[in-house]
Protein chains: 2
Amino acid sequence: MRPLFHPAIEDVPPEAILHALSDPRRAAIFARITKAGCVEACSSLSSVGDQVIPKSSLSSHFKVLREAGLIRCERHGVEMRNHSRCAEVEARFPGLLSAIMNAYAARAS
Amino acid sequence: MRPLFHPAIEDVPPEAILHALSDPRRAAIFARITKAGCVEACSSLSSVGDQVIPKSSLSSHFKVLREAGLIRCERHGVEMRNHSRCAEVEARFPGLLSAIMNAYAARAS
DNA sequence: TCGGTAGTTCCGAAATCCCGAACTATGGGA
DNA sequence: TCCCATAGTTCGGGATTTCGGAACTACCGA
């Protein structure tokens, strides 16, 4: 399989990031990847909270996050490893990601 | 005309704010209202940048911003005054709005 | 080579967005 | 009071986006 497309962080417009994280399930997926540093396999997070996500939907969520410059995906054998690009995003848009993730965390409580 | 519906800021979920501001035109409208403190009339910002926005679209953009708790709209005579609720949003989701507006400002440069 | 697991693509249904046209609301004359 | 002009909302339909099941591809181990 060809290497997946990842935009340079300078090419990512702010609206792409906001759009990607304006879906609570995508935001939850991103939070798990960021917290874990690296999540192996989509299937390991095939459910968010108590909600099951069909794998075709999951695949498109990963694509949105990837194209928004939020994660980097590499195939390792049969499974995928997803890394958060939060350091790059932080460098380009300081404070953005932490504010968004804090906002979601605030609602949860 | 009945007073418009404005949600309590505690009832606004973070995804509503992110969704509202994930459209660059809405973000630009919100930026102008926030900067000006109070913008009179939708028609005074019927164009964003060099882009003309039809008034039906403008009306729905205002509705989205209003229902996301970002602005407060009051009719004064025949025209509308729009106030930013950024202080309330800041109290609930600290740093969120400034990070988002900075992100858009960073792209513009 | 075969079988199983991991993800992607395809495609039709559902939801959402967009904007012109018609409508409603308000205030200012005459 | 009636009529007009201005400001904004609602309606309707076409275009775009999202969703998810089914079929497909990629990779590994046996």
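All chains are named by letter (A, B, ...) in the order of the sequence lines, taking the proteins before the strands, and each is independently numbered beginning at 1. These figures come from a predicted structure and were not determined experimentally.
Nucleotide D:dT18 holds its P atom 11 Å from the CD atom of A:Glu67, rounded to whole Å. In this structure, the CD atom of A:Glu15 is 14 Å from the P atom of D:dT17, given to the nearest Å. Atom NZ in A:Lys63 sits roughly 10 Å away from atom P in C:dT8 (whole-Å rounding). The separation between B:Ile29 atom CD1 and D:dG8 atom C1' is 14 Å, rounded to whole Å. B:Leu58 places its CG atom 9 Å from the P atom of D:dT9, with the value rounded to the nearest Å. Residue B:Arg75 contributes atom CZ, which lies 10 Å from atom C1' of D:dT6 at whole-angstrom precision. Taking atom CZ on A:Phe62 and atom P on C:dG7, their separation rounds to 8 Å, with Å as the unit. Look at CE on B:Met80: it is 13 Å from C1' on D:dT6, rounded to the nearest Å.
When all heavy atoms of A:Ala27 and A:Tyr104 are compared, the pair lying nearest together is CB-CE1, 3.5 Å.
Residues B:Cys73 and B:His6 have side chains in contact (heavy-atom distance under 4.5 Å, counting atoms from C-beta outward). Contact check for B:Leu4 versus B:Met80: side-chain heavy atoms found under the 4.5 Å cut-off. Side-chain contact check for B:His19 versus B:Arg26: some heavy-atom pair is nearer than 4.5 Å.
Rounded to the nearest 0.5 Å, atoms CZ (B:Arg75) and CZ (B:Arg81) are 12.0 Å apart. Atoms NZ and NE2, from B:Lys55 and B:His61 in turn, are 15.5 Å apart once rounded to the nearest 0.5 Å. Taking CZ of A:Arg72 as the start and CD of A:Glu74 as the end, the distance is 7.5 Å to the nearest 0.5 Å.
In summary, of the residues considered (A:Val64, A:Ile100, A:Leu96), a side chain to side chain contact (heavy atoms under 4.5 Å, CB included) with A:Leu21 occurs for A:Ile100 alone. Of the listed residues (A:Leu97, A:Ile33, A:Ile29), just one forms a side chain to side chain contact (heavy atoms under 4.5 Å, CB included) with A:Leu70, and that residue is A:Leu97.
Considering only side-chain atoms of A:Val78, the nucleotide from D:dT6, C:dA6, C:dT9 that sits closest is C:dA6.
Comparing the axis of the opening five pairs of the helix from C:dT1-D:dA30 to C:dA30-D:dT1 with that of the closing five pairs yields an angle of 10°, rounded to 10°.
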Pairs under 3.5 angstrom, nitrogen or oxygen only, protein versus nucleotides 16-22 of chain C, please.
| from | atom 1 | to | atom 2 | distance (Å) |
| --- | --- | --- | --- | --- |
| C:dC17 | OP1 | B:His19 | NE2 | 3.1 |
| C:dC18 | OP1 | B:Arg25 | NH2 | 3.1 |
| C:dC19 | OP2 | B:Ser57 | OG | 3.2 |
| C:dG20 | N7 | B:Ser56 | OG | 3.0 |
| C:dG20 | O6 | B:Ser56 | OG | 3.2 |

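Between A:Ser59 and C:dG7, a side-chain N or O to OP1/OP2 separation shorter than 4.0 Å is absent.
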